[in-house]
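To keep things clear, I will list the structure first and then write my remarks on it.
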Amino acid sequence: MVAKMSITGPRGTYDILPDESRKWQWLEGLLRETAELYGFREIRTPVFEHTELFQRGVGETTDIVQKEMYTFADKARRSLTLRPEGTASCARAFIQHQIYNQPQPVKWYYLGPMFRYDRPQAGRYRQFHQFGAEVFGSNNPFVDAELIVMMVDMVFKAGLPQYDLRLNSVGCETCRPSYRQALVSFLQPIKKELCQDCRKRIELNPLRVLDCKNQGCREAVTGLPRVADYWCNDCRQHFTAVTQSLDRYEVSYTVDDRLVRGLDYYTNTAFELLVPGIGAQNAIGGGGRYNHLVREVGGPDVPGIGFAIGLERLLSGVEEAGALPVFSPDIEVYIAVTGREYEASADQALRELRRAGLKADRDYMGRSLKAQMRQADRLQVPVVVLIGEDEATRGTYTIRRMQTKEQYEIGQADLIDEVRKILVK
Ligand SMILES: [Zn+2]
Ligand SMILES: [Zn+2]
C-alpha cells in the first residue's frame, strides 16, 4: 500500500500547540483586562467581509489592498475577503447597527486572527493575530492620549517597560492639501532617485513616500517639507493638547515627522510604539485618528481613532526579554494506583477534586506505579494521591508531596482540605 501524502498547514500559517497556547491565554487575558480598565468593551466581527469594505476602508492605494488580500468568490459569486485588519470591520459594524445613535464615545476592543497574503518570513505570517482598540464619536485630544497611554500600559504590563513612542500629526482636510502640494513639488524634480513604487506614489499618495523603506528613497527625501509647518490652528492645538496630556500621564514620546498615514480619512494624531532591544522588527503596533473613515465606508461623519498591536511580535518580544511569567502547573493533583482494581476509587477521588475546582488527572494507560510517578514528574504535578490495597481497606489516601518527597496517609474525607493546604489555594 502506498502511504498517502501527509498534509501540512498552509504556507504562512502555524499551529499554537498547548505549551504555547498557555502564553497566548496569558497575553490575551492581560490585554482584555487592561482594555476593560480603560472602559473598552469587546466587539467580535466576522473574519470575512465584502471585499469593497476593505477597498474603501483600508484604501485602494495601499499595499494591503493592492497585493496582500485573501480575496475569493463564494458560491453566489460575491467577492469576499478575509479581514486583513480590524478597523474597517469595526467601522462597518458601527454604521450597520447605528451605534452612532447611542451615547458617544463608543470604546471597542477586538482580538483575533487577521489574514494577509504576504511573503512569509521570520516573524511574519499569513494568518497572524492582532489586538486592536477603536474609539468612535469624539474628536477630543484627551481620547487620543488615553488610547496611547493604554497601549503603553499594555506593553508595560506584558513585561516590556522600555518603549519608544513615536508621535506625529498628519493634519486635516483643511491643511493637508497644501502639505501634499508641497510634497509633490519637492518630489517631482527628484523623481528619478526614487524607487518604482514611490514614483507612482507621487501622484497617488505622496505622503507614503515618507515611510518607504527603500534606502535610496530615504536618502532622496532628506530635507523634505515637514508636515508640522503646514498644520492649521486646529491641528496645532489638537497636537499640543495630546502632548500635554501625555506629559501629565508621564508617558514619554518622540515627535517623528516621518510618521504618516497616507490616506485622506486619516487625520491628526499618528503614533507608533517600538520596543528597543527585541530585534529588528521592534515595532509592536501603531495607530492614529481617522476622522473620515466612517464617512468613507458609508456612514455619517463621525470621528474615530484606534490602534492595533501585533500579538506575534509582542509575545516574541516578551519571550526575548525573558519577561514571561512562571505558569502554574496544568495538573495540580495526579492519582496513582497500584493496580487496575483501584481505578474506580481513583475516579471517585478525581470527581471530588474536580468538583472542588482542583485540576486533577490520572493514568489511563495501565502504567506501573513507577511509570505513573514518572508521568506525574513529567507533568510537574505538586501532589500525587496514591491508592493501593492498604488505602482501600482503611478508607484512606496516601499523599505524596512531589517537591519534598514527603509521604503520609490521610482520611478520605480530608482529601480536599489537605490538597488545598499543600497548594495554598
Ligand atoms: Zn489642520
Ligand atoms: Zn520608495
Side-chain angles (χ1 to χ4, degrees), residues 59-68 118-119 121 138-145 147-148 166-245 255-272 280-281 283 286-296 301-305:
E60 290 278 16
T61 61
T62 59
D63 286 351
I64 295 179
V65 170
Q66 285 188 351
K67 305 177 196 162
E68 298 171 359
D118 206 352
R119 186 177 308 134
Q121 44 180 301
S138 172
N139 192 37
N140 190 326
F142 289 96
V143 168
D144 306 35
L147 203 67
I148 294 170
R166 301 298 175 97
L167 188 66
N168 196 20
S169 168
V170 298
C172 69
E173 276 184 320
T174 312
C175 57
R176 199 166 27 187
S178 56
Y179 179 58
R180 191 188 158 111
Q181 194 44 54
L183 269 186
V184 174
S185 312
F186 180 90
L187 293 170
Q188 281 295 0
I190 58 163
K191 194 169 178 172
K192 284 203 209 74
E193 297 166 49
L194 304 176
C195 73
Q196 285 299 337
D197 282 344
C198 283
R199 283 180 208 176
K200 278 183 241 155
R201 285 171 184 153
I202 295 177
E203 298 304 327
L204 288 170
N205 198 344
L207 270 79
R208 288 210 43 225
V209 178
L210 273 72
D211 62 357
C212 181
K213 304 284 176 273
N214 183 294
Q215 194 54 38
C217 295
R218 301 212 72 136
E219 280 162 28
V221 300
T222 50
L224 87 179
R226 294 172 62 238
V227 64
D229 297 329
Y230 293 80
W231 289 341
C232 64
N233 252 334
D234 283 353
C235 284
R236 191 173 307 281
Q237 276 169 16
H238 190 101
F239 189 74
T240 306
V242 173
T243 57
Q244 284 170 345
S245 181
V255 177
D256 179 352
D257 53 30
R258 290 188 166 248
L259 183 62
V260 290
R261 312 181 87 198
L263 298 164
D264 286 342
Y265 51 75
Y266 287 119
T267 56
N268 301 101
T269 314
F271 54 95
E272 194 173 33
Q281 300 196 333
R289 191 162 266 293
Y290 47 76
N291 283 353
H292 307 300
L293 171 67
V294 175
R295 187 181 68 192
E296 187 66 32
D301 209 355
V302 174
I305 180 168

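Heavy atoms only: backbone and side chains are in, while hydrogens, waters and symmetry mates are out. Not measured: the values here are computed from a predicted model. Order of listing sets the numbers, starting from 1, for every ligand and every atom in it.
At the Zn ion (ligand 2), the angle from SG in Cys195 to SG in Cys212 is 120° when rounded to 10°. Taking the Zn ion (ligand 1) as the corner point, the angle from Cys235 atom SG to Cys232 atom SG is about 110° (rounded to 10 degrees). Angle SG (Cys175) to the Zn ion (ligand 1) to SG (Cys172): 110°, rounded to 10°. Vertex the Zn ion (ligand 2), arms ending at SG of Cys198 and SG of Cys217: the angle is 110° after rounding to 10 degrees.
Classified by interplanar angle (parallel below 30°, tilted 30° to 60°, perpendicular above 60°), the ring pair Phe239/Trp231 is tilted.
Listed here is the closest heavy atom pair of Asp301 and Arg295: OD2-NH1, 3.3 Å.
Proximity of a side-chain donor or acceptor of Lys213 to a complementary backbone N or O of Asp211 within less than 3.5 Å is detected. A donor-acceptor pair under 3.5 Å is absent between the side-chain atoms of Thr269 and the main chain of Asp144, judged by distance alone.
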